[in-house]
Amino acid sequence: MEQYKRVRGMHDILPGETEKWQHAEKIILETVRLFNYRELRTPVIEERALFERSIGSESDIISKEMYTFQDRKGRNLALRPEGTASVVRAFNESGMQEARKVSRLYYYGPMFRYDRPQKGRYRQFYQFGVELLGGRSPLYDAEVIEILDTIMKNLETGGHYFGVNTLGCPDCRERYAGKIKSYLLSVSEKLCQDCRTRMERSPLRILDCKNASCKEQTRDIPSIREILCAECSEHFGLLAGCLDRKGIPYKVMDNLVRGLDYYTKTVFEVFRSGDDNAVAAGGRYDTLVSQLGGADTPAVGFAIGMERLITVMESPLPEVPALYLVCMGSGARDAGAGIASGLRMRGITVETDYDDVPLKAAMKMADRAGVKWCAILGDREMERGVVLLKNMSTGVQEEIAAASFITKAVERVKP
RNA sequence: GUGGGUGUAGCUCAGAGGCAGAGCGCUAGACUGUGGAUCUAGGUGCCGGGGGUUCAAUUCCCCUCACCCACCCCA
């Protein structure tokens, strides 16, 4: 028989790893709850145009990485490559903006991009994201950054810091793009091929190029912060002050520009110390909601790349069942089933096996399960109306009357 | 999309144009109802797939697929 294999770019998250995921999910959920964010679940499939309009059809995500298809009725659909567009779509569609001045939402689920697989990068990958809609003040930017900071701290990633920058409002951005072009026009032949095409499509991205020659050419270009309008400048200043007061570690990074078109003003990424791949990133998108047909609603949010987060976080201690139940003989197995139920009802994790194996083999299974306690029930014990309880780490074994076994075992096993 | 690396036992990997290897794990026994430690014994297998060169290919050549890494992109 031929073995089926996972399709390229897809990955299984196996036991041993799922514990890590669940731990991360738990910390994240506890954190957003403290800030009173509520979950929004959207479908994995959306109209293709939704993403083209929000992310920008010039971007790589849309032009080469999206899973698109037609359904049986010829609708043009796509597997979501990110979460924000769907959240905004649902926000607009549900009339949520009528009900509250500020909506605090989070989402979690798989996203799809046809990328070449790499470390921490898969074609189906998971993002956890937070979106705050309806808040204009930089204090809201600081709030979502604080959420991310809290998550990183609680997951013991071994230190992290934020990169922060501003892209300004659309006016500032356009002005700055013009400035970059005027700086680089005369030296365009010294730029890499990619950057030459970026000159037209998204000149800001040239600042982010890793090519040495490109870096050389962009070195003297002034920071965008020097040409911001009064409002954008104030916004960034207030945010910085707020982050300072909260004690959140950050660096202002001139070359931090986001690849998605919808960002305005604040953009940020969080890095694990000593790592240059961002674990999570986000920013403000004040024009997206209206651009997708909603009321004029400023917004800010971030998304965590779960696979990346998993690679930088501390592993939780593995969970081990509390007790292993060994039964020999069918009568003992019947009685054992009752004991197992009784223990589980009292919150004790019990593992057992139903194969008729010699005690030696069963003990080996118990050992391998990593349990501290082992209950043994065979014909001899049945006859005498007792159950053996063995402490696997000390080797000490006691005999307990079957009638009181569950209560006694709970006492021993529960610390 | 570009570049590099790797595919051999369940796992980690060594190997060489001529019998397929080690460590770990696994199974059994020493110990017949007690796990871990020790000793002894044991099977580990389409050497990723296809083609070519050769008397002979797991080894050399070509193609292909998969995985890993970097770039790119992005979280």
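The sequence lines fix the lettering, A, B, ..., with proteins before strands; numbering per chain opens at 1.
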- [ ] Go ahead and write out RNA chain B as dot-bracket, 5' to 3': ( ) for pairs within the strand, [ ] for ones crossing earlier pairs, | when the partner sits on another strand, dots for unpaired; Watson-Crick or G-U wobble, both distances under 3.5 Å.
- [x] (((((((..((((....[..)))).(((((.......))))).....(((((..]....))))))))))))....
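Remark: A:Ala78 engages A:Arg48, A:Phe51, A:Met66, A:Thr68 in a side-chain contact (heavy atoms from CB on, under 4.5 Å) (not counting sequence neighbours). Scored by the salt bridge (Lys or Arg N to Asp or Glu O under 4.0 Å) test, A:Glu82 finds no partners at all (sequence neighbours excluded).
For the C1' atom pair drawn from B:rC19 and B:rG23, the interatomic distance equals 22 Å after rounding to whole Å. Distance check on atom C1': B:rG50 versus B:rU38 gives 49 Å, rounded to whole Å. One P atom belongs to B:rU6, the other to B:rU59, and the distance between them is 15 Å to the nearest Å. A gap of 32 Å separates the C1' atoms of B:rU53 and B:rU2, to the nearest Å. If you take atom C1' in B:rU8 and the same atom in B:rG15, they sit 9 Å apart, rounded to whole Å. Distance check on atom P: B:rC13 versus B:rG18 gives 25 Å, rounded to whole Å. Here the separation of B:rG36 from B:rA30, taken at their P atoms, is 14 Å to the nearest Å. The P atoms of B:rU58 and B:rC26 are separated by 32 Å, rounded to the nearest whole Å.
Rounded to whole angstrom, the span from the OH atom of A:Tyr108 across to the P atom of B:rA75 amounts to 17 Å. Per the geometry, OH belonging to A:Tyr114 stands 17 Å off C1' belonging to B:rC74, to the nearest Å. Remark: C1' of B:rC68 and CZ of A:Arg121 are 13 Å apart, rounded to the nearest angstrom. In this structure, NZ of A:Lys5 is placed 8 Å from C1' of B:rG49, rounded to the nearest angstrom. One atom, CZ of A:Phe268, and another, C1' of B:rC74, lie 15 Å apart when rounded to the nearest Å. Rounded to an integer number of Å, the gap from A:Ile304 CD1 to B:rC74 C1' is 15 Å. With rounding to whole Å, A:Asp208 atom CG is found 8 Å from B:rC74 atom P. The NZ-C1' distance, from A:Lys119 to B:rC71, rounds to 16 Å in whole Å.
Salt bridge status for A:Glu46 with A:Arg89: present, with a side-chain N to carboxylate O gap under 4.0 Å.
Between A:Arg80 and the phosphate of B:rA75, there is no side-chain N or O to OP1/OP2 separation shorter than 4.0 Å. In this model, the phosphate group of B:rC67 is approached by a side-chain N or O of A:Arg8 to a distance below 4.0 Å at OP1 or OP2.
Nucleic acid contact for A:Ala278: sugar-phosphate only, since backbone atoms but no base atoms lie under 4.0 Å from a heavy atom of the residue. Residue A:Arg6 is classed as having no contact, given no heavy-atom separation below 4.0 Å to the nucleic acid. Within 4.0 Å of A:Tyr126, counting heavy atoms only, lies no atom of the nucleic acid at all.
The 12-atom threshold is not exceeded at CZ of A:Arg384, counting heavy atoms of other residues, nucleotides or ligands nearer than 6.0 Å.
Cation-pi geometry between A:Lys251 and A:Phe162 is not met at under 6.0 angstrom from the ring centre and within 45 degrees of the axis.
A donor-acceptor contact under 3.5 Å is not formed by the side chain of A:Glu65 with the base of B:rC72.
Of the inter-residue distances, the one linking A:Lys265 atom NZ with A:Cys232 atom SG reads 5.0 Å to the nearest 0.5 angstrom. A:Asp208 CG to A:Leu256 CG: the interatomic distance, rounded to the nearest 0.5 Å, is 7.5 Å. Distance check: A:Leu132 CG to A:Tyr140 OH gives 7.0 Å after rounding to the nearest 0.5 Å. With values rounded to the nearest 0.5 angstrom, A:Asn165 atom CG is found 10.0 Å from A:Glu269 atom CD.
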TODO: Any chance you could list the contact pattern along nucleotides 25-37 of chain B? Use B for base contacts, S for sugar-phosphate-only contacts and - for none, protein heavy atoms under 4.0 Å, 5' to 3'.
DONE: -SS---B-BBBB-
- [ ] Sugar-phosphate means primed atoms, P, OP1 and OP2; the rest is base. With that split, encode nucleotides 2-12 of chain B 5' to 3' as B, S or - using protein heavy atoms under 4.0 Å.
- [x] BB---------
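B:rC24 shows a glycosidic angle more than 90° from 0 and is accordingly assigned anti.
For A:Tyr324 and A:Asp353, the side-chain atoms include at least one donor-acceptor pair closer than 3.5 Å.
For A:Tyr107 and A:Phe128, the ring centers are positioned 6.0 Å apart or more. Taking the six-membered ring for Trp and the full ring otherwise, the centers of A:Tyr161 and A:Phe271 sit less than 6.0 Å from each other.
Distances were taken from every side-chain heavy atom of A:Arg113 (C-beta onward) to each of B:rC74, B:rA75, B:rC68; the shortest belongs to B:rC74. Here the nucleotide nearest the side chain of A:Asp60, chosen from B:rC72, B:rC68, B:rA75, is B:rC72.
Contacts classified as salt bridge (charged side-chain N to carboxylate O under 4.0 Å, His left out) and involving residues 141-168 of chain A (residues at least two apart or in different chains) are given here: A:Arg104-A:Glu143, A:Asp141-A:Arg284, A:Glu146-A:Lys246, A:Asp149-A:Lys153.
In summary, of the residues considered (A:Phe125, A:Phe69, A:Tyr67), a ring pair (Phe, Tyr, Trp, His ring centres under 6.0 Å) with A:Tyr114 occurs for A:Tyr67 alone.
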